[in-house]
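Some notes on the structure that comes next.
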Amino acid sequence: MQMKNKYEDKSENRYDINRFPNENGHFGPYGGRYVAETLMPALIELEDAFHKFVPDPAFQAEFKELLKNYTGRPTPLFYAERLSRHLNGARIYLKREDLTHTGAHKINNTLGQTLLARWMGKKKIIAETGAGQHGVATATTAAYFGMECKIFMGVEDIRRQAPNVHRMKLLGAEVVPVDSGTGTLKDAMNEAIRYWVAEVRDTYYVIGSVAGPHPYPHMVREFQKVIGEETYSQILDEAGRLPNLLVACVGGGSNAMGLFYPFLNEPVDMLGAEAAGFGIATGKHAATLCAGTLGVLHGSKSYLLQDEFGQIKEAHSVSAGLDYPGVGPEHALLKDFKRVSYVAIDDNQALEAFHLLCRKEGIIPALESAHAVAAAMIEATKRPAEEIIVVNLSGRGDKDLGIVTST
Amino acid sequence: MNRINNKFKELKEKHQAALVGFVTAGDPDIKTSQKIIKTMCDRGVDILELGVPFSDPTADGPVIQRSSTRALKHGVYLKDVIEMTRELRKTSQVPVILFSYYNPIMSYGTKAFYKDAMNAGADGLLVVDLPSEEANELISSWNADEFAFIRLVAPTTPKERMARITANASGFLYLVSKTGVTGSDGLDTTDISQHTDLLRSVTDLPICVGFGISTPEHVNTISAFADGVVIGSAFERMIEENLDSPDLPAMMGAMTAEFKEATMLAS
Ligand SMILES: Cc1ncc(COP(=O)(O)O)c(C=O)c1O
């Protein structure tokens, strides 16, 4: 008798990609739309527009053309031979999202959403940003389409990601400093939501990850899945088979969903790397799935970092793009289904992986992506040389040089 | 809950609109806050809205954000707000609505919240970030005659949606007067009047109007067409500007009386 492969399991326990989200935007017990009534009509309008315009062949043609010639897709899938040999384990491939225009996967999503905003007839764009990568990507696509653009950014992030602030300004965006709370991504998102509540009639809010209220988690996954689709055919061309393991860092979870989604029905393991900051035991981390609890923040239900009274806690990470106390609802469900495993990588492990990738491959990764590289390095040493690991190198590290040289 | 219905009946007979007073519970600290709400109830607030402090109040402007931060600094949480309600109930029968974001309630436990808030003498709950689509998970086991779930209608809400929202409503309806967060200015009373009429065409429940109403003149104008007027940021601004004054409760009482006066219509 043949053992049933766990991926062939057709029971309720199998993650069926067609079931989520349901028509109310719920991923099992997660997701939904927890927002002020003022925003509800706008979210319903957005959901309708998403279903109507995005499948339109003319929309798809325009989107694909821009992904190709403006963004520089497909991005290469690169065999990191020197790193793999150094680790003496499984073969590591890097999906080079760092080579996209603006230097991170974020642009896939901002192109898709800004294009949708145009199809909806909106003239103004707002966005929140942490590392500044999503802010730069939004400012870029807004400039390309000639739309007015405001980016909300925490004062602490403005300080530690200064090069990106300059880039946004050069691109014609207004950077709105947010000094409430801890002055990081969570607070920038609070302020973007407040602004949107007031200006909702003519303003499109480009959320930067698979987080926020429905339809954002679904929509952002749709615009990011190109990462996984390319990887799928590239690895078949390159190695003649599917990889054994996919690894991506998880802040809100968009680069991870983008890579994982096209493989969810395949016999491929998946690993999400969260930021453990100073270490989970210290309480100063951003490992929402590994150490958080159920709650509602920024419009959706998912895991959160919160205290016993339901007050949101500060997240901590050397990487501004992972420094967020929430996580996309689909990841919460994938964790429950045990379809994806999640680990926490601390600041030191991420920095070590950062330096190793610089030295071994001549690639300077974003600190966010360095968390994925660190998780993949641990896995690679446990797996034989026949196995293939694909790591999403979600962004390049130029923006982080100040941080890395000062630590 | 019957306290709410009786209050609107009573006010209608007296040709008055309801003065709905909002303060963040525990601002600036529990003891002072307890005195403030007692004084407000004694000086004419018809319905008291007690804000539950939250770390990330995305529907609030700077004034109420800061009030939440002050209360949290003193460690005031939902459990304390429920206790403050119980304390007030010893001396006042003014209806009390708790005003919260959803996360503190989830964290408290939705079933435990219902039981404890009702036992303490609260009459209802308003959750800013729980639209009717998601509300069932909280209120499906509630008895709406005993404990009201106050629903919000916004200036952006189309008429068909208003009808759906009001279909299961109880207590009263909260009509948001501005497309924006609490405390923002630029109130357009003509606009509000039209929205109130539109909402009235789909419901018989009392309609209270709030967000950005800050002067007795506003209150008087809106009292002519709405059943109640909510004052929040204006009260909170008074607290913020007099944090260390021993006269703060008395000042809040005087302010309440002035707003209450403005709800009385010439009959
Ligand atoms: C390079 C890079 N990778 C990853 C992230 C984390 O976001 P997500 O988890 O949505 O991919 C960011 C966010 O700013 C980023 O800039």
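As a basis for the values below, the full set of heavy atoms in this structure was taken, side chains included, without hydrogen atoms, waters or symmetry mates. First the proteins, then the strands, lettered A, B, ... as listed; each starts at 1.
- Under the 3.5 Å distance criterion, with hydrogens and angles disregarded, a donor-acceptor pair is assigned to the side chains of B/Thr182 and B/Asp60.
- In this structure, chain A has heavy atoms under 4.5 Å from both the backbone and the side chain of B/Leu130.
- B/Thr24 and B/Ser67 are linked by a side-chain donor-acceptor pair at a separation below 3.5 angstrom, with hydrogens and angles left out of the test.
- Of the two parts of B/Pro57, the backbone and the side chain both hold a non-hydrogen atom closer than 4.5 Å to a non-hydrogen atom of chain A.
- In this structure a side-chain-to-backbone donor-acceptor pair under 3.5 Å is present from A/Asp307 to A/Gln311.
- Contact tally against chain A (heavy-atom pairs below 4.5 Å) for B/Met106, B/Glu134, B/Gln65: the top residue is B/Glu134.
- Judged purely by distance below 3.5 Å, without hydrogens or angles, the side chains of A/Glu37 and B/Thr157 pair a donor atom with an acceptor atom.
- Using modelled atom types, one finds a donor on one side chain and an acceptor on the other under 3.5 Å when comparing A/Tyr205 with A/Glu128.
- Heavy atoms closer than 4.5 Å to chain A are found nowhere in B/Val127, neither backbone nor side chain.
- Note on B/Thr69, B/Leu72, B/Val153: by heavy-atom pairs under 4.5 Å with chain A, the leading option is B/Leu72.
- For A/Thr293, no part lies near chain B; criterion is any non-hydrogen pair under 4.5 Å.
- Between chain A and the residues B/Leu78, B/Val128, B/Val176, the largest count of heavy-atom pairs under 4.5 Å involves B/Val128.
- If you check the side chains of B/His74 and B/Asp27, you find no donor sitting under 3.5 Å from an acceptor.
- Put simply, of B/Lys178, B/Arg151, B/Glu137, the one with the most heavy-atom pairs under 4.5 Å next to chain A is B/Glu137.
- For B/Ile165, the part lying under 4.5 angstrom from a heavy atom of chain A is the side chain only.
- When each of A/Glu308, A/Arg201, A/Gln306 is checked for heavy-atom pairs under 4.5 Å with chain B, A/Arg201 comes out on top.
- Highest contact tally toward chain B, considering only A/His26, A/Glu199, A/Lys313, A/Arg33, is held by A/Arg33 [criterion: heavy-atom pairs under 4.5 Å].
- The only member of A/Tyr342, A/Phe337, A/Tyr30 that meets ring pair (Phe, Tyr, Trp, His ring centres under 6.0 Å) when paired with A/His331 is A/Tyr342.
- Using cut-offs of 30° and 60° on the angle between ring planes, the pair B/Trp142 and B/Phe147 is perpendicular.
- In this structure, A/Trp196 and A/Tyr216 have perpendicular ring planes: the angle between them is above 60°, well past the 30° mark.
- If you measure heavy-atom distances from B/Tyr77 to chain A, the contacts under 4.5 Å come from the side chain alone.
- Chosen from A/Asn190, A/Val200, A/Leu297, the residue pairing most often with chain B at heavy-atom distances under 4.5 Å is A/Asn190.
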